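Note that the structure is a prediction, hence the values are computed from the model and not measured. In what follows, chains carry the letters A, B, and so on, assigned in the order in which the sequence lines appear, proteins first and then strands, with residues in each chain numbered from 1.
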Amino acid sequence: MREITLSQAVNEALAEEMRRDETVFIIGEDVAEAGTPFKVLSGLVEEFGTARVVDTPIAEPGFMGIAVGAAMTGTRPVVDLMFGDFIYLIMDQLCNQAAKTHYMSGGKLSVPLVLRTNLGATRRSAAQHSQSLHALVAHIPGLKVALPSSAYEAKGLMKTAIRDDNPVVIFEDKLMYQDKAPVPEEEYLIPFGEANVLREGSDITLIGTSSMVQVCQKAAEILGSEGISAEVIDPRTIVPLDEETLLASARKTSRVIVVDEGHQSFGVTGEIASRINEKAFYHLDAPVLRMGAMDVPVPFSPALEDITVPTPESVVENARRLVHGEMIHAA
Amino acid sequence: MREITLSQAVNEALAEEMRRDETVFIIGEDVAEAGTPFKVLSGLVEEFGTARVVDTPIAEPGFMGIAVGAAMTGTRPVVDLMFGDFIYLIMDQLCNQAAKTHYMSGGKLSVPLVLRTNLGATRRSAAQHSQSLHALVAHIPGLKVALPSSAYEAKGLMKTAIRDDNPVVIFEDKLMYQDKAPVPEEEYLIPFGEANVLREGSDITLIGTSSMVQVCQKAAEILGSEGISAEVIDPRTIVPLDEETLLASARKTSRVIVVDEGHQSFGVTGEIASRINEKAFYHLDAPVLRMGAMDVPVPFSPALEDITVPTPESVVENARRLVHGEMIHAA
Amino acid sequence: MSRAKAKKSNVDDYLRMYRQMARIRAFEDNANQLYLSAKMPGLTHMYSGEEAVAVGICEALRVTDKITSTHRGHGHCVAKGAEFKEMFCELLGKEEGYCRGKGGSMHIADQSNGNLGANAIVGGSMGIATGSAFTAKLLGKDDVTVCFFGDGATAQGLWYEVMNMAALWKLPVIYACENNGYSEYTRTDEIAAGSIVARAEAFGIESHQVDGQDVLAVNALTEKLVARARKGEGPFFVELKTYRYHGHHVGDINRDYYRSKDEEKDWKENRDPIIRFRSWLVEQGIANEAEIDAMNAEIADDAKAAVDYALAAKYPDSTEVDMHVYTDVKHALARGDAR
Amino acid sequence: MSRAKAKKSNVDDYLRMYRQMARIRAFEDNANQLYLSAKMPGLTHMYSGEEAVAVGICEALRVTDKITSTHRGHGHCVAKGAEFKEMFCELLGKEEGYCRGKGGSMHIADQSNGNLGANAIVGGSMGIATGSAFTAKLLGKDDVTVCFFGDGATAQGLWYEVMNMAALWKLPVIYACENNGYSEYTRTDEIAAGSIVARAEAFGIESHQVDGQDVLAVNALTEKLVARARKGEGPFFVELKTYRYHGHHVGDINRDYYRSKDEEKDWKENRDPIIRFRSWLVEQGIANEAEIDAMNAEIADDAKAAVDYALAAKYPDSTEVDMHVYTDVKHALARGDAR
Ligand SMILES: Cc1ncc(C[n+]2csc(CCOP(=O)(O)OP(=O)(O)O)c2C)c(N)n1
Ligand SMILES: Cc1ncc(C[n+]2csc(CCOP(=O)(O)OP(=O)(O)O)c2C)c(N)n1
Ligand SMILES: [Mg+2]
Ligand SMILES: [Mg+2]
């Protein structure tokens, strides 16, 4: 199968959906001629024109609000938020307006929009351009949250997102834009709420999201070479969350690590760990272990930044300890 | 001991600190003559004048930003955010600026501000005036988060917050403003990061935050009458979180319910449950049970709103099932 | 009333304008009564006194044109064509309400008439209105959107962001600022520096001021602007000077500390939009006092019937609580969860 | 250069202004070189071409006056008094950097000289600057704060919110818009409707436009406004027309698609603030070519020494990673955690 980059995959997904449905449009800063700073959208304005690939002023709350209103009245906006860190600026429009409109109107209005943004540290971009803020959004009922972990995932999830009648937030890993993966030429969609078991295993389950899927895959390889059989699961969407697949794996391996690049506390790992603890408790040989990003603002210095996020090595180390029964804390 | 309302307690805390330290000032909408819509600040402008009790236009991001800059340059602002739901509007100033400035400056700048706001549903105020959004803030390193559960707590925590050199967010329960509790005349502070054991027990631990502390207390009474001995703990601050006290109780009772009024998913209950599962796993007889608000926007209709939040009855019911070993899910 | 002279051909329009203003007043009087008699859950914000704004504007709109409304939204809702019954049901949290009781007063929406909804975030609908206008432009429709908001909302940065884009992209949106002199308990001049009109003009947006108590003046101006917006000559800004008779919300009873009873009296007695328009109708021979009294009585009956209906109507079933969280999931929550 | 005539008494000031502009240029040339030779982590935004803005303004400020800066912040930092060594250390993520390497280029701050920091959120410091001015007023100090931001940042609603409050409360803040004609890859006229100056004026804020390539003009205007702001006559707005020579950031090399090489050439050759000021200094007999060359050489040496120092300097120890999260907690994280 041909291989394309995550960036190209997103670009294809958008182009295909814009061809299919003329109510789809893109709105954001420097999305047109510049094709975004990450060049993900290059070529789209040439095909679809500036009416549908809309450059905005630097006014995130404003264009997010415009997208909400546009979505309510018959279009399908794809909002381009240049950095995931700017989500703080649009929280009101996203969480008070987009997320709640369908419910508050008793089902009469809907807001079929996609918010495309990104996450991921270790790009030396410092504290305001390196955050992974998907947990904030996942906390708000009414929003769906997708976390593609490869070019293949990015394309399939984006197409599904655009066709979804609800507000969907997609966080792409900005370090993965140039990573290639096999992506079929034929059209495909990836349904929301169906986790992907990337590798089967029997000793331990590694649940990774987004950027951390690769980390878990690499960890699983290393563990495999040591005779530890790790299952790797990518939930793909955290809202909706495919509990069944996660629980089945937890019950099978009885040991679980959840790895996510958001800050560990009050984030994604706590939710997934809790659900597994709640519903597979009596199958577990050890507590579900959480590995998020450190609870510190992302430091600029490379010497510091790299140690704030989970790595294959740190996952391996924790997996070993879990499997060898060393996780009985002070407990 | 004299009894005063939570509203009066907050008012006293502010007045005392403003007398003690002339760099403390209050800023927000209708805080002066009107004393806020909840009338919590009545009388302060008369004592401290409009220079220190500052009415603003309806511009939350703006006055939050002003508070950040004021705090960085030698004052101690207390920002009044009328409803906790408006926190979405100020997330950038709070989370990108206030929370990170000390870290990003390598410790050279600091932002000693207090953000006073509220939480709590069942006031028939619908989806945009009823949210309990403390989990969002707790996820962001650099912020401290206090959740007073009574007039006594509100006064002591507010005074501590004002003296803290970090940005602190205090969520008051807006349904509790008129609730009275004993509050000493003498000055006192409540340290952050020290949970309060309100009731000792041996069969089960009920961890409640803010509005849910009373719910847990009532549940414990009912349970007591049924011969179930429940320990009730109020963490007081969720950042920092007093893990030790929570863990000690979990190890003692071996059964835990965490009750919080924020949405359940990706929220506070997951974090607390996970920490207990991780660190007291081998002491638990059952999974830590979580009870948050339903993952739905808060409905206006009284017929619906009341069922979205935990109640003493629902806590009792879950506690019974836990204690009687009925929580072995499909697991 | 203004110097306007009645046009024969417009008799129906005049009477409908009067009726709509009277309906708003009747709706609010009943809503206030429901609050005072503790029959309404929560609080609500009365539109009484500002009727000429909503009616003057909405009468210039088609059903396919859109509006966005505010926390003080009953007037806009009625003016854009809503029915009393569904409105009172909504205010009381009943299943037959426009939003199945899930929104309440602060979120009442009526998409069948193009009302995209009230909003409990001050300024929260400015983006939505602009986006609605964006849709019209993108899809090549000639719908116009009116964005209602108060003087207090002009302090929100969102407005400047969306005005900039509306102006750059020539969107068919009209920003209508209902300047009632107060935001909550604060006078406008204490919270608005410079000139509100100049702020819109600075973005290159053609701006107007009009007496918000004169329904004919409001309507005439709006007719013109709407026609031009349909042709792509928008956006526009209109500041409408008006007044709210009640407190900020129904519970805001003792308000001497921020405004005087004399001031309220002056507006009610000397500038009431309904009284003024009534005199004009009579003066111009469009209706006589008896006809108008009959209309008012009919409206009062309608309102009372709707209130009675709503009081007796049923609440949504508790199973509705997790419906409409998502469009494609009937019940958002797994049933077996622990609450 | 402008029609200004040198004043004898100001010779030192003139030379310091030149030196500061040359220092900024030297700093940026070295930073760019560090990027091109892959020695600098991440990206950075060059201030080259805009030196007269930062220097003209900051030379009118005292050390106790405050500034807030932007993503394009090296110029402001140098102009407000920072040292090369700590700056390069910061850019390279070293412990001796102004922020111990934790902030980097986009967050460089130097509180000892009143620089409250660069900001990676466009417009993100507008509130901070206004708040700093609020402090001065509340505590009765006569400090003035200058808020630097770009033309692109004028699209952020936050600006309008804080201008309103600054105007209402007469705060000693000067909003300085560095209009370099572009925000990222987009021309200003494509993202700014109407008039930027009129927007500030609409809030009742006295506003000025000045040639941002003429350091004397910038300085003269700022001197006046700062003096007035100190007396409580603020706030003020100044739009400074200027140009950035490099791409949006150091990695933005191929930029023909949004601006022409000719345009860049014209600005560099005909309006360079340093060249212009140098000619004027010579013309007015304040310095001769040789003296200026010597100054430039000295600056180049300083910069090189600082770069070398920074390259050799040590990174912060890994135990620093959880320090400075809170003021009162040495290490924010319990050691035993699982990462
Ligand atoms: C973002 C936000 N801030 C504050 C409030 C509280 N609030 C509700 S209405 C109101 C005053 C609005 O004034 P104005 O826009 O003039 O409308 P009016 O009530 O006069 O019709 C305020 C401050 C809110 N609902 N939303
Ligand atoms: C809130 C926010 N939106 C977008 C960006 C990305 N961004 C960084 S600089 C920039 C352009 C800023 O233009 P301008 O304010 O004119 O400053 P200049 O770069 O020209 O100095 C943009 C869009 C950002 N950092 N922050
Ligand atoms: Mg008003
Ligand atoms: Mg610029």
Side-chain angles (χ1 to χ4, degrees), chain A residues 22-25 27 50-52 54-75 77 89-90 92-93 96-113 141-144 163-168 192-193 239-240 243 278-279, chain C residues 66 68 90 95 97-104 106-112 114 116-117 119-121 124-139 141 143 145 157-166 168-169 171 316 320 322-329 332 334 338:
Chain A
E22 62 183 19
T23 68
V24 177
F25 72 95
I27 185 165
T50 52
R52 292 179 67 197
V54 185
D55 266 353
T56 65
I58 310 173
E60 288 81 4
F63 66 74
M64 182 67 199
I66 288 176
V68 176
M72 281 167 67
T73 49
T75 64
L89 286 160
I90 60 163
D92 179 62
Q93 291 301 317
N96 269 335
Q97 312 297 344
K100 296 181 175 34
T101 291
H102 188 62
Y103 191 84
M104 292 191 307
S105 69
K108 289 201 185 147
L109 295 163
S110 62
V111 187
L113 72 77
L143 303 175
K144 298 187 179 180
R163 298 186 194 188
D164 200 295
D165 284 334
N166 300 285
V168 177
F192 284 1
V239 181
E243 264 188 31
E278 272 165 28
K279 299 185 183 170
Chain C
K66 308 288 185 286
T68 61
E90 192 57 39
E95 188 188 287
Y98 272 113
C99 309
R100 304 188 70 79
K102 280 181 163 155
M106 284 207 291
H107 302 291
I108 197 159
D110 170 18
Q111 112 285 20
S112 63
L116 299 177
N119 211 305
I121 300 300
S125 68
M126 290 163 164
I128 293 171
T130 312
S132 167
F134 185 94
T135 290
K137 180 153 191 196
L138 182 70
L139 303 186
K141 302 191 206 168
D143 296 344
T145 303
L158 184 63
W159 187 37
Y160 304 90
E161 299 193 1
V162 299
M163 274 202 289
N164 190 25
M165 287 182 265
L168 287 167
W169 305 337
L171 299 182
E320 282 229 15
D322 66 344
M323 291 170 70
H324 309 123
V325 182
Y326 298 99
T327 59
D328 52 346
V329 183

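From C/Leu158, atom CG reaches atom CD1 of A/Ile90 across 12.0 Å, with rounding to the nearest 0.5 Å. One distance of note links CD of A/Gln93 with OG of C/Ser125; it measures 9.0 Å at 0.5 Å rounding. Atom NZ of A/Lys144 is separated from atom CG of C/Asp328 by 3.5 Å, given to the nearest 0.5 angstrom.
Interface remark: C/Leu168 contributes side-chain atoms only to the contact with chain A (heavy atom separation under 4.5 Å). At a 4.5 Å heavy-atom cutoff, the contact between A/Phe63 and chain C is made by backbone and side-chain atoms alike. If you measure heavy-atom distances from C/Phe134 to chain A, the contacts under 4.5 Å come from the side chain alone. Both the backbone and the side chain of C/Leu116 come within contact range of chain A, with heavy atoms under 4.5 Å apart. Within the 4.5 angstrom heavy-atom criterion, no atom of A/Val111 approaches chain C. Proximity to chain A (any heavy atom under 4.5 Å) is shown, for C/Asp143, by neither the backbone nor the side chain. Contacts of A/Glu60 with chain C are made by backbone atoms alone, with heavy-atom separations under 4.5 Å and no side-chain atom involved. Neither the backbone nor the side chain of A/Ile58 has a heavy atom closer than 4.5 Å to any heavy atom of chain C. Looking at A/Asp165, the atoms closer than 4.5 Å to chain C (heavy atoms on both sides) sit in the backbone and in the side chain alike. When heavy atoms are compared at a cutoff of 4.5 Å, C/Trp169 approaches chain A solely by way of its side chain, counted from C-beta outward. Using a 4.5 Å cut-off between heavy atoms, A/Val239 touches chain C through its side chain atoms alone. C/Met323 touches chain A through its backbone: at least one of N, CA, C or O sits under 4.5 Å from a heavy atom, while the side chain does not.
Contact detail for C/Val325 and A/Asn166: the closest heavy-atom pair is O-OD1, 4.4 Å. Heavy atoms only, all atoms of each residue included: C/Ala109 and A/Leu109 are closest at CB-CD1, 4.0 Å. Residues C/Asn164 and A/Pro57 approach most closely at ND2-CG, 3.6 Å, considering heavy atoms. Residue C/Gly131 comes nearest to A/Thr73 through the heavy atom pair O-OG1, 4.2 Å, listed as atom of the first residue, atom of the second, then distance. When all heavy atoms are compared, the tightest approach of C/Leu138 to A/Ala51 is CD1-O, 3.3 Å.
Listed for the C/Tyr326 side chain is no donor-acceptor partner under 3.5 Å among the backbone atoms of A/Pro167.
Contact count versus chain C (heavy atoms, under 4.5 Å) is highest, among A/Met72, A/Glu22, A/Lys100, A/Arg52, for A/Met72. Looking only at heavy-atom pairs under 4.5 Å with chain A, the residue among C/Gln111, C/Lys137, C/Lys102 that has the most is C/Lys102. Contacts with chain A were tallied for C/Leu139, C/Ile121, C/Asp110; C/Ile121 has the most, counting heavy-atom pairs under 4.5 Å. Among C/Glu320, C/Met163, C/Arg100, the residue making the largest number of heavy-atom pairs under 4.5 Å with chain A is C/Arg100. Of the listed residues C/Glu90, C/Met165, C/Glu95, C/Met126, the one with more heavy-atom pairs under 4.5 angstrom with chain A than any other is C/Met165.
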